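Before any comments, here is the structure.
Small disclaimer: the values here were computed from a predicted structure and weren't measured. Excluded from the calculations below are hydrogen atoms, water molecules and symmetry mates; all remaining heavy atoms, backbone and side chain alike, are included.
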Amino acid sequence: MVNPGSSAQPPPVTASTLSWKRCAGCGGKIADRFLLYAMDSYWHSRCLKCSCCQAQLGEIGTSCYTKSGMILCRNDYIRLFGNSGACSACGQSIPASELVMRAQGNVYHLKCFTCSTCRNRLVPGDRFHYINGSLFCEHDRPTALINGHLNSLQSNPLLPDQKVNT
């Protein structure tokens, strides 16, 4: 089990040193035949679980993710923090302690969640439109939506007004 972004390799484990290893999850001695190494610690395979879905991470893959003090499986990491943990507008990393804005599965820095036309920040409670990967405030939504015509937006279905959620 390797945490992406971590270069640390586990120290060698031999039969003579195995008995004194302690699990980072439960604190108990690890005497199991198999143990996991993640986040610079050893774990019983039953103790290294996703903070959201409780899946035993050793059974579902060879990697785990950590952010905001949580240990996560790949699916829950993507669900909570986006595909890469990066802002969909600027592409830069979003620190674990920072609040985010979400739209259509994308994650944004608060400062980057802005109207594509007027560049005003969208805040919780604002109505906005998400079209072709761009955000528009209620005032600046494309004219095609106001007149009810699809024009250049024909390939994408019209989305109902959405409220900003944090």
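Rounding to the nearest 0.5 angstrom, the gap separating the CG atom in L110 from the CD1 atom in I94 is 9.0 Å. The CG atom of N120 lies 9.5 Å from the NE2 atom of H139; values are rounded to the nearest 0.5 Å. To the nearest 0.5 Å, the span separating OG1 on T114 from NE2 on H109 amounts to 12.5 Å. Taken to the nearest 0.5 Å, the SG atom of C115 stands 6.5 Å off from the CG atom of L122. Atom OG of S116 and atom NE2 of H129 lie 12.5 Å apart (nearest 0.5 Å). Atom OG of residue S88 and atom CZ of residue R102 lie 10.5 Å apart, to the nearest 0.5 angstrom.
Here F136 pairs with nothing under the ring pair (Phe, Tyr, Trp, His ring centres under 6.0 Å) rule; sequence neighbours left out.
Between N106 and Y130, the side chains place a donor N or O and an acceptor N or O closer than 3.5 Å (distance only, hydrogens not considered).
Enclosure of atom CD in Q92 is not indicated, since only 12 or fewer non-hydrogen atoms of other residues, nucleotides or ligands lie within 6.0 angstrom.
In this structure, the side chains of L57 and C73 come closer than 4.5 Å at one or more pairs of heavy atoms. Residues S134 and I131 fail the side-chain proximity criterion, which asks for heavy atoms closer than 4.5 Å. A 4.5 Å side-chain heavy-atom check between Y108 and C87 finds at least one atom pair inside the cut-off. In this structure, the side chains of F113 and L135 come closer than 4.5 Å at one or more pairs of heavy atoms.
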Can you give me every donor-acceptor pair (side chain of residues 44-52, partner residue at least two apart or in another chain, under 3.5 Å) with its distance?
residue: H44; atom: NE2; partner: K29; partner atom: O; Å: 3.1
residue: R46; atom: NH1; partner: D32; partner atom: OD2; Å: 3.2
residue: S51; atom: OG; partner: I71; partner atom: N; Å: 3.1
residue: S51; atom: OG; partner: I71; partner atom: O; Å: 3.1

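Using bins of under 30°, 30° to 60° and over 60° for the plane-to-plane angle, the ring pair Y77/Y65 lands in the parallel bin.
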